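On a predicted model such as this, the values are computed, not experimentally measured, just so you know.
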Amino acid sequence: MYETPDVVALIYAATSQIPRGMVSTYGDIAQALGDSRAARAVGETLAKNPTPIVVPCHRVVYADGAVGWYGGKGNNHDKKTALLEAEGLTIKDGKIEDFAALRFRDFEIPHVLEDLQKEQEEIRQRVIAEDVFEKLEYVAGLDVSYLGERAFGACAVYDWQSGELVEVKKTECTIRFPYIPTYLSYRETPVFAKLTEEPNTVYLVDGQGLLHPRAGIASHLGVVCDIPTVGAAKTPLYGQIGAAQGNRAEITVDGQLRGIELSEGSKKTYVSVGHRVSLATAEEICRRFLCRGIPLPLRTAHNEATLARKRAT
């Protein structure tokens, strides 16, 4: 399996490099990681900083120079202001004066997100969009719920013929990769890999497969674990959705069929190939188990993962 970098540690390392009397933005640290889309993850990570001052998160501000919050949105604006003023910065109307001159961007951390993008492209090239399995006996849904860095994964296994629930498996592990758009696979694959050992099983993942600019969680999991997978997401991410015909609409990318939108009432599921499954089979599986707009194995896995998290609290 591909190694998942400790992005949380890298965010703290970057923050620790900001000199006294200078500031950076959440976007600056995201760019140092390799993708500006990580800016929100930087903010959420620093809001949970266990060692403020040691890791000087008070030196990270908004892109317009506004001081912002300290320890989470809506918290400790005055304290953050006082810490910055104690380091010699002048703040007027909640913003840092001479912001451009005091902005630090010379971080020395690896651009891990750029590397992960290349890795996702490699994974995409390895996807097999055909039915490559001996027989289909079971369909299993995978989902995960989080409590801080604790991840509670659940796998709900259903019999393909009878449609009955056969087994629920669960696992718990620590995840040091925050949620960053288009990088969900690096957050959840380590959890799901612990639950995907059933033979003759196709796994449904609450996320994208080939309906992704590179390779989504379903494709990532399928390739690294060499198992049949299907992406069954609740929201679209990529591609153009065509006109609906009944409860079905085709999704294309550059004119090529890449996925299917299935509707049931107001609920929709966006189906795409993960790995070792054709789009036709992926659609057939999701359609057969559709329950209030969501495939039943995924609904059950979601409920079981949520229950595990609640019990842990």
Next on the checklist: Would Arg288 and Tyr158 count as a cation-pi pair here, with the cationic atom under 6.0 angstrom from the ring centre and within 45° of the axis?
Outcome noted: no
Checklist entry - Should the pair Lys135-Glu137 be classified as a salt bridge under the 4.0 Å nitrogen-to-oxygen rule? => result yes
Checklist entry - Does Tyr26 share a hydrophobic cluster with Phe177, counting links as ILVMFWY side-chain heavy atoms below 4.5 Å and allowing steps through other members? => result yes
Checklist entry - When you look at CD of Glu130, are more than 12 heavy atoms from neighbouring residues, nucleotides or ligands closer to it than 6.0 Å? => result no
Item to check | Check: His302 side chain, Asp143 main-chain N or O, donor-acceptor pair, under 3.5 Å | outcome: no
Checklist entry - Can Arg150 and Glu172 be counted as an ion pair, charged N to O under 4.0 angstrom? => result yes
Item to check | Pro56 versus Ser16, closest heavy-atom pair with distance | outcome: CD-CA, 3.8 Å
Checklist entry - Can you find a pair of side-chain heavy atoms, one from Tyr203 and one from Cys155, that are under 4.5 Å apart? => result yes
Next on the checklist: Donor-acceptor check, side chain of Arg124 to backbone of Arg214, threshold 3.5 angstrom: yes or no?
Outcome noted: yes
Item to check | Residues Glu283 and Arg248 bridged, charged N to O under 4.0 Å | outcome: yes
Checklist entry - Do Thr51 side-chain atoms and Val54 backbone N/O form a donor-acceptor pair below 3.5 Å? => result no
Item to check | Derivation of the side-chain contact (heavy atoms from CB on, under 4.5 Å) call for Leu46 and Tyr12 | outcome: CA-CA 8 Å; Leu46 293 180; Tyr12 290 148; 3.9 Å; yes
Next on the checklist: Tell me whether Arg40 forms a cation-pi arrangement with Tyr179, defined as NZ or CZ under 6.0 Å from the six-membered ring centre and within 45 degrees of its axis.
Outcome noted: no
Checklist entry - With under 30° as parallel and over 60° as perpendicular, where do the rings of Tyr183 and Tyr186 fit, or are they tilted in between? => result tilted
Checklist entry - Can you check side-chain contact (heavy atoms from CB on, under 4.5 Å) on Ser272 and Tyr238, steps first, answer last? => result CA-CA 11 Å; Ser272 60; Tyr238 193 59; over 6 Å; no
Checklist entry - Does Asp35 come within less than 4.0 Å of Arg37, counting only side-chain N to carboxylate O? => result yes
Next on the checklist: side chain to side chain donor-acceptor pair (under 3.5 Å) for Asp28 and Thr25? Distances and angles first, verdict last.
Outcome noted: CA-CA 5 Å; Asp28 291 338; Thr25 72; 3.1 Å; yes
Next on the checklist: Just so I know, are the side chains of Gln256 and Val253 near enough to count as touching, which here means a heavy-atom distance under 4.5 Å?
Outcome noted: no
Checklist entry - Salt bridge or not for Lys169 and Glu198, using N-O below 4.0 Å? => result yes
Checklist entry - Taking NZ, NE, NH1 and NH2 as the nitrogens, is one of them in Arg292 or Glu264 under 4.0 Å from a carboxylate oxygen of the other? => result no
Checklist entry - Side chain of Asp98, backbone of Ala101: donor and acceptor closer than 3.5 Å? => result no
Checklist entry - With a 4.5 Å limit on heavy-atom distance, are the side chains of Ser219 and Leu210 in contact? => result yes
Next on the checklist: Checking Val67 against Ile91 for the side-chain contact (heavy atoms from CB on, under 4.5 Å) test, could you report, in this order, the C-alpha distance in whole Å, the side-chain angles of both residues, the deciding distance, and whether it holds?
Outcome noted: CA-CA 8 Å; Val67 169; Ile91 298 169; 3.7 Å; yes
Checklist entry - Is Asp131 salt-bridged to Arg276, cutoff N-O under 4.0 Å? => result no
Next on the checklist: With a sphere of 6.0 Å drawn around NZ of Lys194, does it hold more than 12 non-hydrogen atoms of other residues, nucleotides or ligands?
Outcome noted: no
